[in-house]
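Computation of the quantities below employed the complete heavy-atom set of this structure, encompassing side-chain atoms and omitting hydrogens, waters and symmetry-equivalent molecules. Atoms within each ligand, like the ligands themselves, are counted from 1 in listed order.
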Amino acid sequence: MKTIAFTILSILFSMTLHSQKPEDTEDWSRRPEIVTPGHNNAPPSDAIVLLGGNETLSNWQHQDGSAINWEINDGVLTVKAGTGDIRTKSGFADVQLHIEWQSPAVIRGEGQGRGNSGVFLMDKYEVQILDSYENETYYNGQAGSIYKQYIPLVNAGLKPGEWQTYDIVFTAPRFGEDKTLVSPAYMTVFHNGILIQNHVELMGPTIYIGSPEYEYHEKRLPIRLQDHGDAVSYRNIWLREL
Ligand code: MG
């Protein structure tokens with residue numbers, strides 16, 4: 001009896017399966033927008049260019065809102081020690097960010113004191129920039145680390161004086177109506193085209209001492225570049241809002 005019931009069920013199931021058509025699983029709900037990739041290192045057609053090409057420094061300011069004091073030369077922006085961090089005038093949330101950076105060719109200092117800068121997503125979540133070429137420091141503080149949270153999967157760093165790239169996919173944290181955390185921030189990072197952070201869940205904002213903890217913040221916040229006293233240079237910074 002059981003066998004007969006099972007056979008009937010199987011037949012019914014396979015009939016339902018075959019009553020479906022290939023078209024039933026075709027999705028026509030969203031036509032992907034056409035984006036033209038950039039040639040020769042140029043940004044893609046839908047990117048917001050923050051530095052490079054004809055972009056001036058008008059996208060950036062110091063933390064206090066003053067005009068930036070870093071060196072600019074032929075589209076290359078270099079930290080001027082002691083002038084402070086700079087950040088974008090606009091705020092962003094979920095982004096794909098491309099940034100090119102260079103540690104000073106002449107080596108000065110060691111550990112955290114050598115070619116240190118950093119790119120902060122939403123002003124708070126730092127991907128470390130450091131000259132990590134034959135330069136030991138704590139591993140969750142070397143180039144490509146999510147500072148004091150995640151060690152990079154590999155050290156993909158180039159020699160000082162060479163241009164390097166980060167391509168970062170950032171998902172902003174979400175907060176509820178009551179300002180409590182609904183979902184944390186995530187980051188994926190490629191360093192010189194090599195995957196070094198694979199969708200890691202951030203523990204909270206970057207802090208130097210202690211354990212990070214999320215605190216409610218606005219939905220969109222600037223991207224910040226760090227003045228850590230070293231003459232790190234930047235060029236070709238663009239992002240795509242996701
Ligand atoms: Mg730093």
Side-chain angles (χ1 to χ4, degrees), residues 50-51 60-64 68-71 76-88 92 95 97-170 185 187-192 194 196-197 200 202-212 221-237 239:
L50 297 172
L51 181 71
W60 300 87
Q61 61 189 3
H62 281 290
Q63 297 283 75
D64 62 0
I68 74 168
N69 245 323
W70 291 14
E71 310 279 355
V76 174
L77 183 61
T78 303
V79 176
K80 198 179 191 179
T83 58
D85 295 1
I86 61 168
R87 65 181 187 195
T88 55
F92 303 98
V95 292
L97 175 70
H98 173 88
I99 187 160
E100 300 180 17
W101 58 274
Q102 181 195 54
S103 331
V106 179
I107 296 172
R108 264 190 47 220
E110 57 180 332
Q112 291 291 308
R114 185 172 138 185
N116 194 335
S117 183
V119 52
F120 289 75
L121 283 293
M122 298 195 91
D123 202 30
K124 294 172 185 299
Y125 308 99
E126 185 186 16
V127 181
Q128 172 71 309
I129 286 174
L130 195 76
D131 177 2
S132 286
Y133 187 85
E134 298 177 353
N135 178 35
E136 285 275 286
T137 185
Y138 44 95
Y139 303 124
N140 61 354
Q142 73 177 58
S145 63
I146 309 297
Y147 186 74
K148 292 253 174 119
Q149 297 191 26
Y150 290 98
I151 298 170
L153 295 170
V154 294
N155 181 348
L158 300 175
K159 286 182 183 171
E162 291 189 38
W163 281 101
Q164 313 204 35
T165 60
Y166 281 163
D167 288 280
I168 300 169
V169 181
F170 176 75
M187 277 211 234
T188 295
V189 183
F190 292 85
H191 184 185
N192 299 320
I194 296 167
I196 56 162
Q197 301 287 355
V200 293
L202 272 67
M203 299 160 193
T206 302
I207 52 170
Y208 183 46
I209 300 168
S211 314
L221 287 169
I223 286 163
R224 174 158 60 96
L225 303 178
Q226 187 183 46
D227 168 9
H228 202 282
D230 299 321
V232 174
S233 297
Y234 292 93
R235 71 178 186 191
N236 295 335
I237 306 176
L239 60 79

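For a distance bound of 2.8 Å, the N, O or S atoms of Q226 include one lying that close to the Mg ion (ligand 1). For a distance bound of 2.8 Å, the N, O or S atoms of Q128 include one lying that close to the Mg ion (ligand 1).
Between the side chains of Y234 and S117, at least one donor N or O lies within less than 3.5 Å of an accepting N or O. With 3.5 Å as the limit, one finds no donor-acceptor pair spanning the side chains of Q63 and D85.
Enclosure of atom OH in Y138 by more than 12 non-hydrogen atoms of other residues, nucleotides or ligands within 6.0 angstrom is indicated.
Partner of Y150 under the side-chain contact (heavy atoms from CB on, under 4.5 Å) criterion, chosen from M203, Q128, M187: M203.
Take the N/O/S atoms of E126: the one nearest the Mg ion (ligand 1) is OE2.
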